[in-house]
Amino acid sequence: MCADRKTDIGPPHHDKFLPPIIKNNYGKWKYHETPQRGVLLHVGEKGDKLWSVRAATARIASIETIRLFADIADKFSDGYLRWTSRNNVEFLITDESKVKPCIQKLEAEGYPVGGTGNGLTNIVHTQGWVHCHSAATDASGVVKALMDDLFPYYHDKELPGKVRIAFACCLNMCGAVHCSDIALLGVHRRLPAIKHDIIAKQCEIPSTVAACPTGAIRPKTVDGHQSVEVIEEQCMYCANCFTVCPAMTLNDPEMDGLSIWVGGKVSNARSEPMFSKLAIPYIPNEPPRWPTAVKAVRNIVETYAKGARKFERVGEWIERIGWPAFFDQTGIEFTKYHIDDFTHAGETFKRSAQLRH
Amino acid sequence: MCADRKTDIGPPHHDKFLPPIIKNNYGKWKYHETPQRGVLLHVGEKGDKLWSVRAATARIASIETIRLFADIADKFSDGYLRWTSRNNVEFLITDESKVKPCIQKLEAEGYPVGGTGNGLTNIVHTQGWVHCHSAATDASGVVKALMDDLFPYYHDKELPGKVRIAFACCLNMCGAVHCSDIALLGVHRRLPAIKHDIIAKQCEIPSTVAACPTGAIRPKTVDGHQSVEVIEEQCMYCANCFTVCPAMTLNDPEMDGLSIWVGGKVSNARSEPMFSKLAIPYIPNEPPRWPTAVKAVRNIVETYAKGARKFERVGEWIERIGWPAFFDQTGIEFTKYHIDDFTHAGETFKRSAQLRH
Amino acid sequence: MTERQTPLLDELEKGPWPSFVKEIKKSRKNPMAEDLLGILERSYREKIGHWKHGGIVGVMGYGGGVIGRYTDIPEDFPNVAHFHTIRVNQPAGWFYTSDVLRKICDIWERRGSNITNMHGSTGDMVLLGTTTDQLEPIFSELTELGFDLGGSGSDLRTPSCCNGQARCEWACYDTMGACYAITQEYQDELHRPAFPYKYKNKFAGCPNDCVASVARSDLSIIGTWKDSIQIDQAAIKAHHSDINMVDDVTSRCPTGCMKWDGAKLSIDNANCVKCMHCINVLNRALAPGKERGATFLLGAKAPIVGGALLASVMVPFVPADEVVDTIKELNEAIWDDWGENGKNRERVGEYIQRIGMGNFLERIGLAPVPQMVIHPRTNPYIFFEASEEE
Amino acid sequence: MTERQTPLLDELEKGPWPSFVKEIKKSRKNPMAEDLLGILERSYREKIGHWKHGGIVGVMGYGGGVIGRYTDIPEDFPNVAHFHTIRVNQPAGWFYTSDVLRKICDIWERRGSNITNMHGSTGDMVLLGTTTDQLEPIFSELTELGFDLGGSGSDLRTPSCCNGQARCEWACYDTMGACYAITQEYQDELHRPAFPYKYKNKFAGCPNDCVASVARSDLSIIGTWKDSIQIDQAAIKAHHSDINMVDDVTSRCPTGCMKWDGAKLSIDNANCVKCMHCINVLNRALAPGKERGATFLLGAKAPIVGGALLASVMVPFVPADEVVDTIKELNEAIWDDWGENGKNRERVGEYIQRIGMGNFLERIGLAPVPQMVIHPRTNPYIFFEASEEE
Ligand code: SRM
Ligand code: SRM
Ligand code: SRM
Ligand code: SRM
Ligand code: SF4
Ligand code: SF4
Ligand code: SF4
Ligand code: SF4
Ligand code: SF4
Ligand code: SF4
Ligand code: SF4
Ligand code: SF4
């Protein structure tokens, strides 16, 4: 270790990367407009104008692509660019005449411009089969298939309000799946396969037992090995045991798949933040293009587009029309799985006679 | 046992006790009016008219009083009368000219007429020191003191909406305390006193241990007796152990008292049924007239009367103005006890930035 | 026997509200009432009750209907050494004639304390205080008069109902008829506790729920309707003097499904949730629809042990003429399952939460419908069944 | 090395949306990328992932910032036998220059897979796949460039923020400044996991919460204001063509505190809950008030173990210039208590529920205020304290 090894320096100060117009107008923006989908125009108190051109990315970015973005930035936005909180890239342009050419260039390279205003933006998602050991499904592939299908809603077609889709490949939910207008979530449906021969070596049995939220795991000696057993009726396939102990795997080619959730949000606009709620408990994994999942999401988006009022988020729309109408209008089947049966289940029961008949 | 001992005959059929006008108009009433407070006029489809004169009772009724009501019924309502679901008595009159004299007679005897429409009606309450072994406070005495103080709201003064007060002398809540506009609830605040010497004889130790919702009770041998101990931090004085085991008493002259709850309702009108929420965690028992409790309830009623819109129930008013405003306007102190810490506590935390500042 | 001094209780004779102290004093010639006054004065002084846990007392063949009660200071108050209450099953809707009331008073004068509760909060007529030896005679005189005992213990508790069609224009089914029918049908369940815990049925004729059924009964049957609210546009004018159509009516509709254009009221009935508010306010002009029936809700209870519960929707709509049969089906299916599998002192509402609503529905043979929930689950902890495997 | 056939993945090159398969193929000259394609094609065929639980790998002196990853079929894909990710702490607001990006690409070309995630869902720049021996060199080149690693494991995770005052007229405090200050302040907590579990800070400039802080960070700091919304009545006209003042604005206000009389907009600011809707819609005419600051909320998390949580209000309002200091105070008070008493893998939101909010507040020295709850408790299970005895 060399003497001048740097540690704990933290990230570079953002000032280094801010274009002059932003430094000059920091905290002094007056209003914004959206001259066209994918373009934001922010106007400063003194009239300074900043055009942000927002383009889609696959989130996974090759260094070739990052270098391409760097070149585009050099050409149109004085070398300044940023990413958004949802994996879009934005070019920060001060010269209005460069806005259209920048858009053209991006779209020509396969990075379509859009995602602002009321409609779809990029999907917040996770690693999937590209990198994670926990994944009950792939992430990037489903996202790609979905966004291809819903593309117009990103690019030019409006929806009543913002629709935020999120994707997570397992119940750890490394994304905003629990609070999204529409969420896709990888699910397991088979009991943990226990490697009895090695579990005692790889894992601490007591902490594995303790990891189970429902108490389904019990210590047990199997074929002379110190191991555990899982009570079938008590397992809901959360894979928390697997997170703690690699010798209990949940991944399964036939039983794994996706669930779909709707009606969450995080903004405080109009309504308070809301959790996503179960719409479809299970759809099988259908690589490479997950047609059933894609069709299911399109159906929800289109039913919403037809029924919602302006600005209404998916959850607000459903609250207004009622869940029975949501299931009715989408044709999605309501099953016993939709009725919560975990710790706070009773808080979700309809405890009133206020019903549409 | 004599041969003709009757059992399982059930209650008499109500037909026996219905006046002819009700039999003729059963299911055929058209509308009603309230010609004056305490009087309902129901009009049948064919124009038949029934006046119901509603009078207060103490719920506790001596047979002398019941005989008095029987006499009044004979005189003014052809012998027909009923009680309501809230311990008022109603005289069912078909001859309009008998309405006023009936009222005069009732009030002269000390049974004031009122309780209809938007205002106060009788308090649903429980046994208290008159009969129950569990009571942390008396019932009838507090109710009497309260209704004396709030009397005009029963008799002639209007409130924005119906205000239903309920009273229960312990956490068993033998009343609608959990869903009342204003509720008074007897509370214990001292650990169960355990009769170690007799507990094993009087109670089953395992079921006593199991009765505790928080698991505060553990088996323990005390002075050679098989008994139990209570972990202080885990006890919230619910007295469920006492219900199961008389050798664990909670009653305590100094520590027992009352709590006050607000904002519950059961009707579906406008808003869905709601639970009552904690307003004041503890007020000492102050027999005979519980002045602190009476003042506290009056304060809530009057703050509500000032602030609520027409038809608004207490809970609806508070939801509209917000709980901070409720505490502010009533001057009631908000403490850590107001924040739920039981099983579903987290569901009551404010999980949004929507706040008035 | 000399009358006791009761300086504290005397304070409660003052004021305009009917005084329970006066009621007890009115009964004073009865030594039990005199001792009750004394013991209560003592409680007022000492700030503590003087009653003991009740032993099991009752009438032959019944497991409920009597609450045994003894004082802990019988030496001072021998006349309330035993002071049991008798729960007399009230007639549906609490209707009486002067005649029948007098006969009850006569029984109670001879055999009890002279004091009653009209009524207990489950709905029974509560005869307050007698001795063990009087129970059987009282029972026999009551049955002679056509009355029977109500419930107590782990049984079907005395059903109760609002006065419904007897005196209310909004009743969507015959609450009193249903209450009577159910009470009669289940005399055995009412008198012989065999459940894990108590079980209550209450009947309200419309969503105003004047018997608090949604909060106070395990099975709550609330009248409602399916079709459109009946509107008499002309009659709206009758209300005009005191009702502001927007402030008081349309803006208070929970779903905003009403419009008032200054002359005409229109309702988007598909979005009406049958809350009753507009009908309550405009009672001469509006009425529930003609296709009437009831919503069934299950599981209400007081807080002990897991926290209070309101009842939740089981069957969104049952036509009026099928209400009684559906109650029987549901009660029996529930008793079969909960009766078998419920833990001791576990109300059905708690039982459902323990085993899961989905499982419960399967066991009692009801199909899940979205009306049962405020919203579908938010957690991803789904107990997928093995049968789901393909 | 010959390029593999990837018929299934090739299907994902089609269509208008940017293709991650193309991204990986663009990096194909890097053998790691080539093997990633191969292993992914295999997963697509077999419908199962091929990654193993990560071992503990990292850079010297740090306990986080690297996620160890190994394939379970190294024999077939030796180039991804090790395939660790590096979490690089992004600059606040994700602002970059072309220049700095190219330098990062250069490092990654030499020492990694050529593939990145821009960005990970906590906010880091994620360098996707390298080998253990490269970790230290990469770290040294990154720090040379002025970058450092982000968090992983049971530490303070990489804080993130919306672009706030840099490019948004609504930011009520300097989110980027606060994010930077906090990240720098807690370098030790970020790099050396010492908590019971992960702990996240996110900064949103206004209640629109463009970083989803209320759902995804343990401590969420959301900008807001105290005084009245600034109204430019004249500017409202600018919106008139596409905005209906009643349907789109006033009727959508959650508290109904706005009135539009056809010419003038008035707001009852005492009842405004700062939801942002009207400002969002009328952004040329309305603006947050001038007395700005932030609301602090605590406890959000994903479902494992007890179910997902949104953050809940801790401090209703902190003036803008006290935000950073207050975060420090709160973070440190929380870490002292939860750090000491939290169970392993218990997020602070779960911890609070276990020990009780009232107790938690006492321990961290905050006074309870009604803003913290939707409503006061409904159950009567109050843990009265002995100190309450008189
Ligand atoms: C760039 C970005 C912040 C950043 O620092 O990266 C951003 C920027 C803006 N947001 Fe946002 N929001 C951004 C993520 C979010 C998120 C977070 C998320 O989706 O994960 C939310 C919360 C979403 C939710 O509730 O689930 C969010 C909820 C809003 C809202 C509230 C919308 C609503 O009605 O609920 C507004 C107001 C509006 O759109 O009028 C808003 C408005 C805006 C404005 C208009 C603010 C401004 O004046 O600059 C910006 C342009 C919005 C647009 O896209 O039309 N932004 N915005 C994020 C862009 C993400 C993307 O690439 O699409
Ligand atoms: C008499 C009455 C109160 C009154 O003054 O009116 C009453 C009195 C008692 N109730 Fe009750 N309950 C009475 C209506 C209620 C109600 C209200 C209702 O039915 O609408 C409730 C709340 C609703 C519910 O069922 O949850 C109620 C919830 C309880 C509970 C808590 C049950 C629970 O599941 O949480 C207990 C405790 C128990 O059962 O061990 C209880 C227990 C008791 C006991 C038997 C106490 C005991 O442990 O032995 C009381 C006997 C007192 C006595 O001295 O007579 N009583 N009890 C009511 C019955 C009169 C009647 O038959 O009409
Ligand atoms: C007589 C009684 C039913 C019975 O069979 O005994 C009854 C009778 C009527 N109720 Fe009720 N309600 C009766 C207890 C209730 C209860 C139960 C309770 O309080 O425990 C409720 C639910 C209260 C709650 O939500 O907590 C109740 C909620 C209503 C409502 C809804 C009020 C609201 O805005 O929430 C109405 C509608 C109205 O008042 O316009 C209503 C309306 C009525 C009407 C107007 C119905 C009618 O057309 O006859 C009756 C006269 C009301 C009045 O007092 O002005 N009744 N009513 C009960 C009288 C109790 C008493 O002595 O005061
Ligand atoms: C890389 C990333 C997903 C992505 O593709 O972007 C990620 C990846 C992993 N997360 Fe995550 N989490 C990532 C953001 C999140 C988020 C979102 C956020 O921070 O806004 C969440 C939900 C919010 C939260 O904190 O609750 C999240 C909730 C989890 C959880 C559940 C934590 C909980 O309390 O419920 C786990 C399980 C665990 O910690 O054991 C988890 C565990 C993991 C592990 C380490 C899996 C494991 O058990 O080893 C994943 C490593 C995957 C890999 O191959 O790299 N990850 N994780 C995100 C971090 C990138 C970055 O630093 O920017
Ligand atoms: S959601 Fe699960 S599978 Fe996906 S990246 Fe996170 S931990 Fe891995
Ligand atoms: S998957 Fe979840 S529920 Fe099943 S055994 Fe593992 S930890 Fe328990
Ligand atoms: S509330 Fe408690 S004390 Fe009062 S009657 Fe019921 S069980 Fe007895
Ligand atoms: S009073 Fe309640 S909490 Fe305390 S020991 Fe008894 S049962 Fe447990
Ligand atoms: S519940 Fe409805 S039907 Fe019954 S009395 Fe009340 S208002 Fe009338
Ligand atoms: S009954 Fe209630 S929901 Fe239906 S129209 Fe009237 S106010 Fe609206
Ligand atoms: S959270 Fe508010 S301040 Fe931050 S970018 Fe979004 S709208 Fe602007
Ligand atoms: S910010 Fe929201 S709450 Fe405030 S006035 Fe505007 S719409 Fe209403």
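All chains are named by letter (A, B, ...) in the order of the sequence lines, taking the proteins before the strands, and each is independently numbered beginning at 1. Please read these numbers as outputs of a predicted model, since none were measured by experiment.
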Any side-chain heavy-atom pair of [X] and [Y] under 4.5 Å:
| X | Y | value |
| --- | --- | --- |
| D/His191 | A/Asp8 | yes |
| A/Asp138 | D/Phe20 | yes |
| D/Cys105 | A/Arg67 | yes |
| A/Glu33 | D/Arg284 | yes |
| A/Phe311 | D/His277 | yes |
| A/Gln127 | D/Asn117 | yes |
| D/Met118 | A/Val89 | no |
| A/Ser52 | D/Arg167 | yes |

Pair A/Phe69-D/Tyr96, side chain to side chain contact (heavy atoms under 4.5 Å, CB included): steps then yes or no: CA-CA 11 Å; A/Phe69 290 163; D/Tyr96 298 95; over 6 Å; no
Side-chain ([X]) to main-chain ([Y]) donor-acceptor, under 3.5 angstrom:
| X | Y | value |
| --- | --- | --- |
| D/His53 | A/Cys245 | no |
| D/Asn114 | A/Ser62 | no |
| D/Arg69 | A/His131 | yes |
| D/Asp148 | A/Ile9 | yes |
| D/Glu11 | A/Pro287 | no |
| A/Lys144 | D/Lys14 | yes |
| A/Arg270 | D/Cys253 | no |

Mind checking whether [X] and [Y] have ring centres under 6.0 Å apart?
| X | Y | result |
| --- | --- | --- |
| A/Trp83 | D/Phe95 | no |
| A/His133 | D/Tyr70 | no |
| A/Tyr80 | D/Trp94 | no |
| D/Trp17 | A/His155 | no |

So which of [options] has the largest heavy-atom pair count under 4.5 angstrom toward chain D?
| options | result |
| --- | --- |
| A/His344, A/Glu107, A/Glu90 | A/Glu90 |
| A/Asn251, A/Leu81, A/Thr343, A/Ile22 | A/Leu81 |
| A/Asp256, A/Thr137, A/Ile66, A/Val177 | A/Ile66 |
| A/Cys174, A/Ser140, A/Ala135 | A/Ser140 |
| A/Gly44, A/Ser77, A/Gly141, A/Pro112 | A/Gly141 |
| A/Thr84, A/Asp78, A/Thr243, A/Leu150 | A/Thr243 |

Counting only heavy atoms closer than 4.5 Å, note whether [X] contacts chain A via side chain, backbone, both or neither.
| X | value |
| --- | --- |
| D/Ser140 | neither |
| D/Leu128 | side chain |
| D/Val59 | both |
| D/Ala171 | neither |
| D/Phe139 | side chain |
| D/Arg345 | side chain |

Option in [options] with maximal non-hydrogen atom pairs under 4.5 Å from chain A:
| options | result |
| --- | --- |
| D/Ser121, D/Ala285, D/Ala33, D/Gly120 | D/Ser121 |
| D/Glu136, D/Lys301, D/Gln90 | D/Glu136 |
| D/Glu144, D/Arg45, D/Gln184 | D/Gln184 |
| D/Leu142, D/Asp106, D/Asn30, D/Ile24 | D/Asp106 |
| D/Gly307, D/Cys168, D/Cys210 | D/Cys168 |

Verdict with supporting geometry, D/Met60 and A/Arg5, side chain to side chain contact (heavy atoms under 4.5 Å, CB included): CA-CA 10 Å; D/Met60 222 181 356; A/Arg5 183 170 183 269; 3.4 Å; yes
Partners meeting side-chain contact (heavy atoms from CB on, under 4.5 Å) with D/Asp174 (sequence neighbours left out):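 If we apply the side-chain contact (heavy atoms from CB on, under 4.5 Å) test to D/Asp174, skipping adjacent residues, the hits are A/Tyr26, D/Gln165, D/Met176.
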Heavy-atom pair with the smallest gap, counting every atom of A/Asp252 and D/Ile48: N-CD1, 3.9 Å
Residue pair D/Thr143, A/Thr7: steps toward the side chain to side chain contact (heavy atoms under 4.5 Å, CB included) verdict: CA-CA 7 Å; D/Thr143 50; A/Thr7 67; over 6 Å; no
Separation between [atom1] of [X] and [atom2] of [Y], rounded to the nearest 0.5 Å:
| X | Y | atom1 | atom2 | result |
| --- | --- | --- | --- | --- |
| D/Arg216 | A/Ser85 | CZ | OG | 8.0 Å |
| D/Thr116 | A/Arg59 | OG1 | CZ | 9.5 Å |
| D/Asn283 | A/Lys30 | CG | NZ | 10.0 Å |
| D/Asp209 | A/Cys179 | CG | SG | 10.0 Å |
| D/Glu169 | A/Lys28 | CD | NZ | 15.5 Å |
| A/Arg289 | D/Leu12 | CZ | CG | 5.5 Å |

Donor-acceptor pair between A/Asp74 and D/Ser98 side chains, under 3.5 angstrom: yes
Side-chain donor-acceptor contact under 3.5 Å, A/Thr65 with D/Lys26: yes
Derivation and outcome, side chain to side chain contact (heavy atoms under 4.5 Å, CB included), residues D/Lys47 and A/Glu254: CA-CA 8 Å; D/Lys47 297 202 278 185; A/Glu254 292 318 313; 4.1 Å; yes
Other residues, nucleotides, ligands: >12 heavy atoms within 6.0 Å of D/Glu13 CD: yes
Residues that D/Lys274 engages under salt bridge (Lys or Arg N to Asp or Glu O under 4.0 Å), provided they are two or more places apart: none
Salt-bridge contact A/Lys16-D/Asp99 (side-chain N to carboxylate O under 4.0 Å):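 No salt bridge links A/Lys16 with D/Asp99.
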Test salt bridge (charged side-chain N to carboxylate O under 4.0 Å, His left out) applied to A/Glu64 and D/Lys22, D/Lys29, D/Arg28, the passing residue: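 By the salt bridge (charged side-chain N to carboxylate O under 4.0 Å, His left out) criterion, A/Glu64 pairs with just one of D/Lys22, D/Lys29, D/Arg28: D/Lys29.
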